[in-house]
Number of protein chains: 2
Amino acid sequence: MSLRGAALRVTRPRLAVLAVLREHAHATTDEVLGRVRVQLPEVSHQAVYDVLRALTTAGLVRRIEPQGSVARYEARVGDNHHHLVCRSCARIVDVDCVVGAAPCLTPSASHGFTVDEAEVVFWGLCPQCSAPSSDRKEVL
Amino acid sequence: MSLRGAALRVTRPRLAVLAVLREHAHATTDEVLGRVRVQLPEVSHQAVYDVLRALTTAGLVRRIEPQGSVARYEARVGDNHHHLVCRSCARIVDVDCVVGAAPCLTPSASHGFTVDEAEVVFWGLCPQCSAPSSDRKEVL
DNA sequence: CCTGCATTCTTGAACGAGTCAAGTAAACAG
DNA sequence: CTGTTTACTTGACTCGTTCAAGAATGCAGG
């Protein structure tokens with residue numbers, strides 16, 4: 001069990017949050033709370049905040065914050081993958097590391113910084129939203 | 001005057017905000033407000049929020065929101081440059097487009113998305129914070 | 001140089017994601 | 001089983017940002 005491996009106590013809320021994130025990537029705290037409550041109706045919102053923070057700190061979960069969105073979480077960690085975000089419907093999909101791999105993740109001039117991660121977000125329109133007159137779902 | 005070019009009325013608050021951002025890149029709304037008030041003590045915080053939004057919409061200013069930070073603004077626009085952020089002191093510096101240019105800005109699999117922008121944030125430690133025992137300024 | 005209207009600014013309240021704090025409950029080492 | 005440490009519950013609160021109504025200002029046209 002990954003919780004034990006991270007020296008975290010195994011509790012119902014933690015197991016439930018992990019299960020939710022494995023099923024539903026890029027969920028917001030609120031969405032996680034809602035889904036966790038299907039199984040554990042009594043969990044508090046504070047518990048979910050605490051759990052998400054603990055899991056993030058332990059590296060079992062990754063927190064992302066695309067512009068204009070509240071924090072979202074995903075259970076896919078350790079592979080430094082990136083995200084593609086639709087400007088229209090806010091859909092998020094994972095993309096593997098950009099082509100050419102490593103060279104892309106080095107800034108041209110690092111100004112003396114020791115860089116340990118390159119975070120990439122691709123912005124655009126998803127297939128549904130870029131289709132001329134389909135039943136797109138506009139955000140807002 | 002860039003304001004006229006963007007079909008925006010020329011007002012004191014707008015001129016002041018633009019001037020501040022040209023001097024101080026990556027300033028928060030609050031920092032902008034403080035600096036603007038040196039010249040125009042009466043401006044309201046709402047005016048600064050409105051101005052920043054108008055300038056951002058007009059493309060005269062760019063809004064960035066690094067993880068864990070409030071919104072920041074910069075007057076350098078149109079060149080899709082990226083940012084290097086220090087995990088320790090939160091310092092932000094600009095970096096030109098990553099090496100190799102264009103190829104880096106194409107996701108390996110676009111899942112049908114029409115991508116129009118690749119936003120890159122490099123995380124690490126600035127020279128001061130990565131120096132062994134200098135007088136680093138920790139954030140927090 | 002005026003006039004009038006649309007836009008912008010002032011004032012003050014409200015919103016919402018996230019955090020703090022104190023006390024109760026539960027995990028797990030021994 | 002017991003005790004201690006770590007989680008969770010409850011409820012208040014912070015802070016960046018937005019909303020709303022009315023006053024002020026920029027500027028096109030006369």
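Keep in mind the model is a prediction, meaning the values are calculated, not measured. Labels below follow one simple rule: chain letters A, B, ... track the order of the sequence lines, proteins then strands, and each chain is numbered from 1.
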Visitor: Nearest-Å distance, CZ (A:Arg14) to C1' (D:dA7)?
Guide: 6 Å
Visitor: If you look at every strand shown and take non-hydrogen atoms under 4.0 Å, does B:Thr11 touch a base, only sugar-phosphate, or nothing?
Guide: sugar-phosphate
Visitor: Just the rounded figure in Å: distance from C1' of C:dC9 to CG of B:Leu8.
Guide: 15 Å
Visitor: Measure from CG on B:Leu33 to P on D:dT18 and round the result to the nearest Å.
Guide: 15 Å
Visitor: Without decimals, in angstroms, what is the distance between A:His45 NE2 and C:dG18 P?
Guide: 11 Å
Visitor: Crowded around A:Gln67 CD? As in, over 12 foreign heavy atoms under 6.0 Å?
Guide: yes
Visitor: Of the nucleotides D:dT17, C:dG18, D:dC27, which has the atom closest to the B:Thr29 side chain?
Guide: D:dT17
Visitor: Quick check: A:His81 with A:His83 (ring centres under 6.0 Å apart)?
Guide: yes
Visitor: Rounded to the nearest angstrom, tell me the gap between atom CD in B:Glu31 and atom P in D:dT17.
Guide: 11 Å
Visitor: Would you call A:Arg72-A:Asp94 a salt bridge at under 4.0 Å N-O?
Guide: no
Visitor: Is there a donor and acceptor pair closer than 3.5 Å between the side chain of A:Gln46 and the base of C:dC20?
Guide: yes
Visitor: I'd like to know if B:Arg87 pairs up with A:Glu117 as an ion pair, taking the criterion as any Lys NZ or Arg NE/NH1/NH2 lying under 4.0 Å from an Asp or Glu carboxylate oxygen.
Guide: yes
Visitor: CD of B:Gln67 versus C1' of C:dA17: gap in Å, rounded?
Guide: 15 Å
Visitor: Report the residue (B:Val43 or A:Arg12) whose heavy-atom-nearest nucleotide on DNA chain C is the more 5′ of the two.
Guide: B:Val43
Visitor: If you count every heavy atom of other residues, nucleotides or ligands that lies below 6.0 Å from B:Arg35 atom CZ, does the total exceed 12?
Guide: no
Visitor: With respect to the side chain of A:Ser44, which nucleotide from C:dT10, D:dT9, C:dC28 is positioned closest?
Guide: D:dT9
Visitor: Using atom OH of B:Tyr49 as one end and atom C1' of C:dA14 as the other, report the distance to the nearest whole Å.
Guide: 14 Å
Visitor: Could you tell me whether the phosphate oxygens of C:dA6, OP1 or OP2, come under 4.0 Å of any side-chain nitrogen or oxygen in B:Arg9?
Guide: no
Visitor: Need one value for B:Thr28: base, sugar-phosphate or nothing, where a base atom within 4.0 Å counts as base even if backbone is also close, heavy atoms only.
Guide: nothing
Visitor: Counting the atoms with a prime plus P, OP1 and OP2 as sugar-phosphate, which does B:Ala71 contact under 4.0 Å by heavy atoms, base, sugar-phosphate, or nothing?
Guide: sugar-phosphate
Visitor: Whether B:Arg4 contacts D:dC27 is assessed here as follows: a side-chain N or O lying under 4.0 Å from the phosphate OP1 or OP2. Is that the case?
Guide: yes
Visitor: Between B:Leu15 (CG) and D:dG26 (P), how many Å, whole number?
Guide: 10 Å
